[in-house]
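What follows is a short report on a single structure.
Below, each value reflects all heavy atoms present in this structure, side chains not excepted, and no hydrogens, waters or symmetry copies. Read the numbers this way: they start at 1 and go in the same order the structure lists the ligands and their atoms. Positions are given from 1 along the sequence.
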Amino acid sequence: MPNGGGWRSFLRYDEKQDRPEISWALIRRALAYGRPYIGRIAAMLGLIMVVTLLGLVPPLLVRNLIDQALPERDLQRLTWLALGMLAVPLVNGLLGVAQRYLGSSVGEGIICDLRTELFGHLHRMALRFFTHIKTGELLSRLNNDVIGAQRAVSGTIVDVFTNSVTLVSALVIMLRLEWRLTLLAIAVLPLFLVPARFLGKKLRAVVREQMTLNAEMNAMMDETLNVSGALLVKLFGRAALELDRFRGRADRVRRAGVRQAYMMRWFFLTVSLISAVGTVVVFWGGGWLVLRGSGFTIGTIVAFTAYLGMLYGPLSALTNARMDLATSLVSFERVFEVLDLPPEIEERPGARTLESVGGEVRFSDVSFSYRPGENAAEAAASGLSEVIRFDPRGRGIPPPLSQEGGKLQVADPESLEKVPAAQTPSPERWALRNLSFEIKPGELAALVGPSGAGKTTVTYLLPRLYDPTSGAVSIDGHDLRDLTLSTLAKHIGMVTQETFLFNDTIRANLLYARPDAGPDAIEAACRAANIHDFIAGLPEGYDTIVGNRGYRLSGGEKQRIAIARVILKDPRILVLDEATSSLDSQSEALIQQALERIMRGRTSLVIAHRLSTILAADVILVLEAGRLVEQGTHAELLARGGLYASLYETQFRQGRDETQP
Ligand code: ATP
């Protein structure tokens, strides 16, 4: 597919510097994902409560042991206390297992929901999205970021709850044990807010940076480790260069990781120092009270110090959880960013489903630009309120992330800034301009024109891979935008030049067109596409795995399988891009025959490269620079002596000389 024009981002992925550390709207939206699991969450929180409260018992047992059982030489009490000390961890351990099970089933459930929603949303995105985005970065959002979001649920929320319960109940017990010491311990509490306040925002920025860098690294792996990328690297001998680029990216990931760990360490250091200050204050205060004679029992002091740990420990953990929450929310935020992208090509409410179509195709004054963002009204309509940004870096080394952090990088050598948003596209930016034509049911229309004239673009508008910027495309008098997407998918079949096959068996690839097709239908389609004999001759026949992107098959074989796939689908309207790549004459003839069979009786729109196609066409549409400059039959157009006549001389006649000596 020609994709010469600059790629542009219509995505808005840059870190807003004024973004609050934790936004309540974001938390609410994230929490909504827990709704289906509310029962399990409640059970889990109940268990946490029981486990935490049980955890508070042992110091009281110790106190009882020291203050009563031992001084009173009460063996029976001693035995019960010992058994109690054994029972608490045992029961707690068992409840912990149940709590862990519930926690992970909620966490994994949410991750699964989020990932599925993201996957579904991405498949609703228009083709434009996929021509702009780096697949690796998308995969990163589907994997790493979703996992980050899960961590927030199953880790952080559990932590916050456990520690809050521990903290409050420890405080209550401490107040009952010795209120004066408790007040001293509380005096230190505000200090715990200091490190989180200073480091939280910074840490969140580092985590976001880490995710962006990871996504970039993934994108690079994806681009260079797929068959086509790997082939290109080999053919141009760029392995060393790619390794260097990769090392650079991996190194940035490493540095961000180290920076995060380093910041976390500082955070822990300050929090544990504050805990130590608190403990010292309590010991000093307690000692002072003892010295003044207003003492308490040894058991109380021992128990109090144990509870002190239960106050400062959870408090440090809570400060930490606040940071964790902030960083985990980055994941939610990044996932929501993708979920919030408008799909661009959507079904209207009340869109019609057509069970059958006659096959009349009409283009009415259609203009199309691949850059709708240049049109302010359209940008607003597509819900992109933000200024559309570009990444002017292309494949170069990104500038420091302090400026670029968080942006989902979409390479584009051209910058939108060059084109003010409200400006109408300049003439050369229109891929199609005021195109009007009609193809009657069952007719064959051949598209011809110089390279870049807009032929492929025309074929993209028919299955609604893009919508016209102005004008309308219709089938049987229905504007495509008024029909359901499934109607279009059902009645329009497309064979592109580049054949994509899933890395599965030939049968599975064929069934993709019609999952309920039986073996006979599959075989008939393959016979019609002249590929059955080849498949039958393979050791594993229809169960042969085609390899990554079908690389184990020749170009001609792949094309014939693609044709069989469309025959199986049996659409009323056919869109074809005849292969330009030179196949040997036998393969060419097999494909030609197959195409003639498939076009028979269907409305066909064909980007014609073969003489036989244009000779057979009911109408030839001649495009030049996005405009329809001529249309008619071969004889009519030849007689006009215009662009078609010269194209015929330069491109097609040669074919005639070869095929019809
Ligand atoms: P060819 O015969 O070389 O395949 P074509 O007639 O099919 O060419 P199109 O692919 O329709 O031409 O392209 C028409 C114009 O639109 C070209 O100028 C091309 O650079 C531009 N174009 C194509 N795809 C995109 C895209 N995804 N984004 C931006 N511009 C594009």
Inset, instruction - Please confirm whether T456 comes within less than 3.5 Å of ligand 1 when only nitrogen or oxygen atoms on both sides are compared. - result: yes
Legend entry - Numbered atoms of ligand 1 (with element) below 4.0 Å of K455, judged on heavy atoms: 1 (P), 2 (O), 5 (P), 6 (O), 7 (O), 8 (O), 11 (O), 12 (O)
Legend entry - Residues T457 and Y370: side-chain donor-acceptor under 3.5 angstrom: yes
Inset, instruction - Consider every N or O of A453 and every N or O of ligand 1, then say whether any pair is closer than 3.5 Å. - result: yes
Inset, instruction - Say whether A431, considering both its backbone and side-chain N or O atoms, lies within less than 3.5 Å of an N or O atom on ligand 1. - result: no
Legend entry - Y460 and F368 aromatic centres sub-6.0 Å: no
Inset, instruction - Check ligand 1 against T457 and write out every atom of the ligand that is under 4.0 Å from a heavy-atom position of the residue. - result: 9 (P), 11 (O), 13 (O), 14 (C)
Inset, instruction - List the atom of D479, the atom of A472, and the distance in Å for their closest heavy-atom pair. - result: OD2-CB, 3.5 Å
Inset, instruction - Grab the two heavy atoms, one from T603 and one from G359, that are nearest each other, plus how far apart they are. - result: OG1-O, 2.6 Å
Legend entry - Pick from G626, A625, G452: the one approaching atom 18 (O) of ligand 1 most closely through a non-hydrogen atom: G452
Inset, instruction - Just do the salt bridge (charged side-chain N to carboxylate O under 4.0 Å, His left out) check on E242 and R245 with the steps written out, would you? - result: CA-CA 5 Å; E242 291 298 340; R245 284 182 50 213; 3.0 Å; yes
